[in-house]
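Note that the structure is a prediction, hence the values are computed from the model and not measured.
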Amino acid sequence: MRDLAPVLLDWYDRHARDLPWRVSPAARARGQQPDPYRVWLSEIMLQQTTVAAVRDYFLRFTTLWPTVKALAAADDAQVMSEWAGLGYYARARNLLACARAVAAAGGFPATRAELQKLPGIGPYTSAAISAIAYDQPETVVDGNVERVVARLFAVETPLPAAKPELVALADTLTPTGRPGDFAQAMMDLGATICAPRKPACAICPLVKDCASRAAGIAAELPRRSPKPEKPQRHGIAWVALTDDAVLLERREPKGLLGGTLAFPSSGWDGTDLPAPLEADWHSLDPVEHVFTHFTLRLDVRLTCAGGAATRGVWTPRHEFSPLGLPGLMRKVWTRAERALRD
DNA sequence: AAATCGTGGAA
DNA sequence: TTTCCAAGATT
């Protein structure tokens with residue numbers, strides 16, 4: 001096969017997406033270096049998360065905390081609150097731990113091996129930061145690149161088993177010149193041309209080299225092993241609010257929604273916690289929520305009584321915003337608001 | 001090494 | 001409506 005890197009880089013120079021955390025190929029050619037902090041922050045936020053969802057969070061975080069040092073000095077609660085709604089909250093916990101380690105060390109390490117020792121930075125992110133921020137010739141393989149490579153080489157082995165094979169093939173493409181732009185070019189190609197459902201092969205710069213296109217199976221790749229069905233779970237959330245306070249609790253630092261602010265709730269897997277308050281609870285319509293590996297039906301109970309709570313903290317209403325809660329708990333709040341309005 | 005861990009937009 | 005899945009990491 002011909003050397004694809006020059007072809008793809010040429011395409012990238014003309015079609016690179018304009019993203020808040022990106023140094024454009026033109027600016028990079030002028031000598032502008034990416035800020036490792038911004039590269040790292042964006043990569044963490046983008047783990048299993050769409051560009052559209054990340055954009056506003058990235059702008060908000062970099063406004064509040066322009067440097068790693070600033071982020072390292074932030075309150076845990078404020079970071080969790082700002083992360084609320086993005087999902088995968090272990091990322092937020094690891095984000096702070098990583099920021100503090102980096103600030104203490106005086107800056108980000110530049111090698112992939114050192115980067116990967118930091119919390120929240122795995123094989124993909126270490127390669128991405130090393131390539132994008134430091135222009136090291138690392139092979140960056142995310143979901144986009146898996147798809148592009150599977151199609152380019154017509155790899156029919158289903159994911160996730162195909163991963164090592166795809167990494168090895170991707171590695172044969174990585175150039176020594178402009179590896180950072182090349183990595184971003186592969187991801188842009190996967191996101192905009194070599195899309196999951198309907199690849200736009202007609203305008204793809206690599207059509208002539210694509211084995212799956214030749215075989216007429218591009219849209220079917222990559223294949224994936226069937227996923228297990230999601231079991232249904234159920235639980236109860238209690239919303240207690242008076243004229244000037246609402247009862248909230250900080251969830252355990254590990255596990256589902258770990259470290260987030262929430263309405264007190266029962267367990268959702270058999271563990272059965274009691275209501276946080278003796279009161280006359282009104283039952284509202286249940287909330288339906290889909291997590292990665294199960295669906296949840298959460299019954300919502302509401303009271304306007306105050307008093308001594310066995311769990312949670314009475315929080316002044318003026319300090320409370322549902323935007324500081326994870327998505328599930330925002331839905332619960334919406335139920336309560338609707339009930340109070342009617 | 002298989003399970004766990006969110007959310008929402010698009011088809 | 002259902003299904004898919006997005007710049008994955010951790011245990």
Centroid separation W83(A) to Y57(A) less than 6.0 Å: no
Main-chain N/O of D285(A) paired with R335(A) side-chain donor or acceptor, under 3.5 Å: yes
Check: Y37(A) ring centroid to W21(A) ring centroid under 6.0 Å: no
Same-atom distance (P) from dG8(B) to dA9(C), integer angstrom: 22 Å
Per-nucleotide protein contact string for nucleotides 5-11 of chain B (B base, S sugar-phosphate only, - none; heavy atom under 4.0 Å): BBB----
Sugar-phosphate only, base, or nothing, as touched by T125(A) at under 4.0 Å among non-hydrogen atoms: sugar-phosphate
Same-atom distance (P) from dA11(B) to dA7(C), integer angstrom: 14 Å
Heavy-atom contact window of chain A on DNA chain C, given 5' to 3' at under 4.0 Å: dT3(C) to dT10(C)
Non-neighbouring partners of R55(A) that pass salt bridge (charged side-chain N to carboxylate O under 4.0 Å, His left out), sequence neighbours left out: none
Check: R93(A) side chain, P253(A) main-chain N or O, donor-acceptor pair, under 3.5 Å: yes
Pairwise P distance for dC5(B) and dC5(C), with rounding to whole Å: 22 Å
Touch class at under 4.0 angstrom, heavy-atom based, for L159(A) against every strand present: nothing
Touch class at under 4.0 angstrom, heavy-atom based, for W83(A) against every strand present: nothing
Side chains of P179(A) and D135(A) in contact at under 4.5 Å (non-hydrogen atoms): yes
Aromatic ring proximity F291(A)/H293(A), centre distance under 6.0 Å: no
Between C1' of dT4(B) and CG of L296(A), the distance in whole Å: 15 Å
C1' spacing across the pair dA1(B) / dG8(C), given as an integer number of angstrom: 16 Å
E165(A)-T157(A) side chain donor-acceptor pair, cut-off 3.5 Å: yes
Within 45° cone and under 6.0 Å: R251(A) NZ/CZ vs W268(A) ring: yes
Along DNA chain C (nearest heavy atom to each residue), the more 5'-positioned of N94(A) and E43(A): E43(A)
Nearest-nucleotide comparison on DNA chain C, the residue closer to the 5′ end among K254(A) and R17(A): R17(A)
